[in-house]
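Below is one structure, written out as structure tokens, with a few remarks after it.
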Number of protein chains: 2
Amino acid sequence: MKAPTRRSNNRNDALLDAAATLFSTQGFRETTMRDIAKAAGMLPGSIYYHYGSKDDLLLAIYETGVERIIEEFSKALLSVNDPWERLRIAISAHIGAINQQTPAMRVINRVLPEHVSKHAVALSRLRDRYEKCFRELINDLPLAPHVDRSLLRLMVLGAVNHTQFWFKPTGKRTLNEIGAAFAQLLIEPIAIPLKSIITPETRDT
Amino acid sequence: MKAPTRRSNNRNDALLDAAATLFSTQGFRETTMRDIAKAAGMLPGSIYYHYGSKDDLLLAIYETGVERIIEEFSKALLSVNDPWERLRIAISAHIGAINQQTPAMRVINRVLPEHVSKHAVALSRLRDRYEKCFRELINDLPLAPHVDRSLLRLMVLGAVNHTQFWFKPTGKRTLNEIGAAFAQLLIEPIAIPLKSIITPETRDT
DNA sequence: AATTTTACCTAACAAATGTTTGTTTAAATA
DNA sequence: TATTTAAACAAACATTTGTTAGGTAAAATT
């Protein structure tokens with residue numbers, strides 16, 4: 001069966017972008033088809049020409065988002081060989097992905113598979129594709145014997161994904177700086193040597 | 001104005017528990033008043049005798065949840081003086097709080113203030129009360145000069161809150177073990193000494 | 001230019017959802 | 001025991017929400 005030829009007045013891209021923006025800011029359930037249609041400059045019934053349901057629309061956005069994230073990873077890691085440097089870059093790239101202006105990437109973190117009844121398995125599979133990148137990076141690290149690699153990965157992912165809830169573009173650090181700082185907190189000792197008691201100077205305000 | 005005397009057939013506690021359980025598993029928007037009423041063993045209209053709205057119900061649950069979390073913190077930290085030990089215990093206590101059976105504590109992490117239009121400011125204020133505990137703990141740590149304390153706190157909170165999405169009671173680690181492992185990953189160097197290249201033995205599967 | 005086909009509009013449907021209002025029941029008090 | 005009042009029931013309301021089906025406009029093809 002041949003797909004219809006797409007015409008010049010086709011607004012599928014505008015639709016995807018509008019939906020992704022709203023899903024990533026308002027959430028999936030909280031965003032109505034009327035919201036999406038309005039933002040895309042069409043009427044609600046028209047959405048069903050392009051997608052069979054609201055959940056199908058989400059799935060399409062997830063596919064786009066994951067693909068874009070993996071591209072960002074590959075590009076950033078292209079000629080980097082040192083495992084620690086690769087981890088640092090992956091952290092920064094991921095933080096960038098979920099905090100920057102491309103809504104489809106933001107949706108991956110904002111709308112979780114377990115919060116959606118239909119397509120949950122498919123969405124989880126898509127997420128696994130980029131989480132697998134982290135898994136491989138962690139596996140390549142020369143780590144001390146006490147380190148549980150899967151716990152390290154989960155800890156990193158949690159910290160990184162959490163940035164979406166607190167990062168402000170007007171804050172004092174860029175996304176890359178945050179990524180670098182996170183990597184540094186993991187790699188370099190954070191405690192000052194024992195027996196040296198100093199009043200903390202950089203208090204958390 | 002005197003509050004009505006509560007009678008023996010008052011089911012407010014059952015209502016709070018039912019709502020908290022559903023909010024923490026299904027989410028706020030996804031849970032209907034009919035769901036809640038059914039789980040509490042009453043009819044939907046009856047809920048409005050106790051709470052003016054669905055959002056008011058959420059606020060009451062948040063208040064309970066935050067209070068309980070702070071109690072857990074205080075109890076756990078009672079006679080612990082070493083800052084690193086306090087951090088380790090706080091991490092474990094918090095992981096326990098958001099993963100254990102008390103639904104009101106789970107809601108704090110599952111339903112975020114920015115996802116709810118009404119009471120968002122009040123909910124944020126309540127969250128701040130327990131986050132302040134972490135802030136104080138981080139402030140008391142003897143840290144190296146390169147460490148940004150607020151970034152460390154945000155990283156820890158992200159990692160800890162993320163456990164709610166992957167922890168399984170049937171997994172290979174208890175909540176306390178996870179908490180201890182997280183603290184260890186932060187405190188002890190994770191890299192093996194340079195110039196020592198060994199094939200990783202504990203791969204992340 | 002006529003016809004086909006894509007991509008939308010339009011109005012309505014069916015169900016869902018938070019809430020309101022009047023009524024009834026039963027716990028507590030006088 | 002009679003009365004009051006807390007706490008529920010019951011039915012309905014008003015609105016919202018995802019979706020359907022018939023129709024129209026316009027882009028593309030013949």
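The sequence lines fix the lettering, A, B, ..., with proteins before strands; numbering per chain opens at 1.
- Every pair passing salt bridge (Lys or Arg N to Asp or Glu O under 4.0 Å) that includes a residue from residues 88-107 of chain A is listed here, sequence neighbours excluded: E85(A)-R88(A).
- The shortest distance between side-chain heavy atoms of W166(B) and I178(B) falls below 4.5 Å.
- One atom, CZ of R7(A), and another, C1' of dA26(D), lie 8 Å apart when rounded to the nearest Å.
- Using a 3.5 Å distance cut-off with no hydrogens or angles, the side chains of D148(B) and S150(B) do pair a donor with an acceptor.
- Boundaries of the chain B contact region on DNA chain C are dT17(C) to dA28(C), first to last in 5' to 3' order (nucleotide atom under 4.0 Å from a heavy atom).
- For dA6(D), the OP1/OP2 oxygens have no side-chain nitrogen or oxygen of H50(B) closer than 4.0 Å.
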Please list every donor-acceptor pair under 3.5 Å in which a side-chain atom of residues 26-33 of chain A meets a protein atom from a residue at least two apart or in another chain.
unit_1: Q26(A); atom_1: NE2; unit_2: T31(A); atom_2: OG1; d: 3.2
unit_1: T31(A); atom_1: OG1; unit_2: L22(A); atom_2: O; d: 3.4
unit_1: T31(A); atom_1: OG1; unit_2: G27(A); atom_2: O; d: 2.7
unit_1: T32(A); atom_1: OG1; unit_2: R34(A); atom_2: N; d: 3.4
unit_1: T32(A); atom_1: OG1; unit_2: D35(A); atom_2: N; d: 3.0
unit_1: T32(A); atom_1: OG1; unit_2: D35(A); atom_2: OD1; d: 3.3
unit_1: T32(A); atom_1: OG1; unit_2: D35(A); atom_2: OD2; d: 3.2

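- A sub-4.0 Å separation between OP1 or OP2 of dA7(D) and a side-chain N or O of N9(B) is absent.
- For the segment residues 51-58 of chain B, the set of residues with a heavy atom within less than 4.0 Å of an atom of DNA chain D is empty.
- Atom CE in M42(A) sits roughly 15 Å away from atom C1' in dA25(D) (whole-Å rounding).
- Residue Y49(A) contributes atom OH, which lies 18 Å from atom P of dG22(D) at whole-angstrom precision.
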>> One pair to check against side-chain contact (heavy atoms from CB on, under 4.5 Å): I70(B) and S74(B). What are the steps and the verdict?
In response: CA-CA 6 Å; I70(B) 290 172; S74(B) 303; 4.2 Å; yes

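- Counting non-hydrogen atoms of neighbouring residues, nucleotides and ligands closer than 6.0 angstrom, the NZ atom of K118(B) exceeds 12 such neighbours.
- A donor-acceptor pair is defined here as one N or O able to donate and one able to accept, closer than 3.5 Å; such a pair exists between the side chain of Y62(B) and the backbone of I108(B).
- Residue R68(B) qualifies as open at atom CZ: its count of foreign heavy atoms under 6.0 Å is 12 or below.
- Remark: H162(A) engages no residue in a side-chain hydrogen bond (donor to acceptor under 3.5 Å, both in side chains) (not counting sequence neighbours).
- Taking atom CD1 of I47(B) as the reference point, atom C1' of dA7(D) lies 13 Å away to the nearest angstrom.
- Listed by residue number, the members of residues 22-38 of chain B with any heavy atom below 4.0 angstrom from DNA chain C are T31(B), T32(B), M33(B), R34(B).
- In terms of heavy-atom proximity, L16(A) sits nearest to A60(A) at CD2-CB, 4.1 Å.
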